[in-house]
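Heads up: the structure comes next, in structure tokens.
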Amino acid sequence: MSLALRDNLEFCISGGRAVFLDLDTGRYFALADRHFAAFQHWTSGETSSEENPDALDHLASRGILIETDEADVRRKSSFSGLTSPTARFRVSQVRATPASVGSAIFSRLVWSRRVKYWPFARLIESVRQSDLHNRTSPTSIELSWIIRSFEIADIIIGNHDRCLERSLALAVTCRRHGIPNTLVLGIQANPFAAHCWVQDQSFILNDHPDRVSMFTPILAV
């Protein structure tokens, strides 16, 4: 019998701590220091620590790890292979139309309400299920219009402490226009803070590289 990380639970190592995101509840939590080493050994496949059995049993009793019959259960993180953004997609010279700005504002308001009332897992699943509608080949100009429209929407309805709704709205809107992207949630451990942004490979679409570099990715969609 082996142990596996339970479903809908993501984690990362930040600031010498193991931080988890429970998709079922939308809550973050960290392991106590006395259990961190055992968990880190387990994720790397090491079993030499004498403290591992008791510590892993404790993690199983908390529902972090579950028993399984599978042999290889150390699944990769959702952000493995994620490119660190190095540049911002600049659109300051682009002129957005009133219609596109109105659409961005509407999308922001829709996702604001969903963030308030939907379970966190449903929000993430809705992004995963957002198909790329390749009616035409998307262009950088089309992406520029979308990003500029959302920037203006930020000015009109605000963007402070609204990174989740902003990123959900932008990610889904881009995908509906055939533009692939990655929704990223990141954390910093000391002091704890969480952030969310959208990127297209090495380009960040709704933030600045120097800001997101302060956060360790914990979930990429």
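Nothing fancy with the numbering, it's 1 onward along the sequence. Note: hydrogens, waters and symmetry copies are ignored here, and every other heavy atom, side chains too, is used.
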- Does a salt bridge link Glu151 with Arg88, judged by any charged N lying under 4.0 Å from a carboxylate O? yes

- Note on the structure: Minimal heavy-atom distance between Glu142 and His177, with the atoms involved, is OE2-CD2, 3.2 Å

- Over 60° means perpendicular and under 30° means parallel, so classify the ring planes of Phe11 and Phe39, tilted if in between. perpendicular

- Item | Side-chain heavy-atom pair Val115, Leu123 within 4.5 angstrom cut-off | yes

- Note on the structure: Heavy atoms of Leu183 and Ser167 approach each other most closely as CD1-CB, 3.5 Å

- Task: Please examine the side chains of Leu170 and Ile146, heavy atoms only from C-beta on, and report whether any two atoms are closer than 4.5 Å.
- Result: yes

- Message: With heavy-atom distances below 4.5 Å as the criterion, would you say the side chains of Phe20 and Leu31 are in contact?
- Response: yes

- Item | Ring-face cation contact, Trp145 with Arg148, 6.0 Å cut, 45° max | no

- Message: Would the distance check show the side chain of Arg162 and the main-chain N or O of Ile157 forming a donor-acceptor pair, the cut-off being under 3.5 Å?
- Response: yes

- Query: Do the non-hydrogen side-chain atoms of Leu5 and Ile64 ever get within less than 4.5 Å of each other?
  - Reply: yes

- Taking all heavy atoms of Ser107 and all of Ala169, pick out the closest pair and write down the distance. OG-CB, 3.4 Å

- Query: Can you say whether the rings of Phe215 and His195 are parallel (under 30°), tilted (30 to 60°) or perpendicular (over 60°)?
  - Reply: tilted

- Query: Side chains of Gln199 and Trp197: is there a donor and an acceptor less than 3.5 Å apart?
  - Reply: yes

- Item | Leu205 versus Asn181, closest heavy-atom pair with distance | CD1-CB, 4.4 Å

- Side-chain heavy-atom pair Ile13, Thr43 within 4.5 angstrom cut-off: no

- Task: Using only heavy-atom distances, determine whether the side chains of Ser100 and Ser103 contain a donor-acceptor pair under 3.5 Å.
- Result: no

- Query: Does a salt bridge link Arg108 with Asp154, judged by any charged N lying under 4.0 Å from a carboxylate O?
  - Reply: yes

- Can we call the ring centroids of Phe192 and Tyr28 under 6.0 Å apart? yes

- Item | Minimum heavy-atom distance Arg211-Asp207, with the two atoms named | CD-OD1, 3.4 Å

- So do the side chains of Val198 and Ile204 get within less than 4.5 Å of each other, counting heavy atoms only? no

- Query: Counting distance only, does the side-chain N/O of Ser112 pair as donor-acceptor with the main-chain N or O of Leu109 below 3.5 Å?
  - Reply: no

- Between Asp161 and Arg166, is there a salt bridge with N-O shorter than 4.0 Å? no

- Task: For the residue pair Pro217 and Leu185, establish whether any side-chain heavy-atom pair is separated by less than 4.5 Å.
- Result: no

- Would you indicate whether the side-chain heavy atoms of Val127 and Leu168 approach each other to under 4.5 Å? yes

- Taking every heavy atom of Asp22 against every heavy atom of Arg6, the minimum-distance pair comes out as OD2-NH2, 2.6 Å

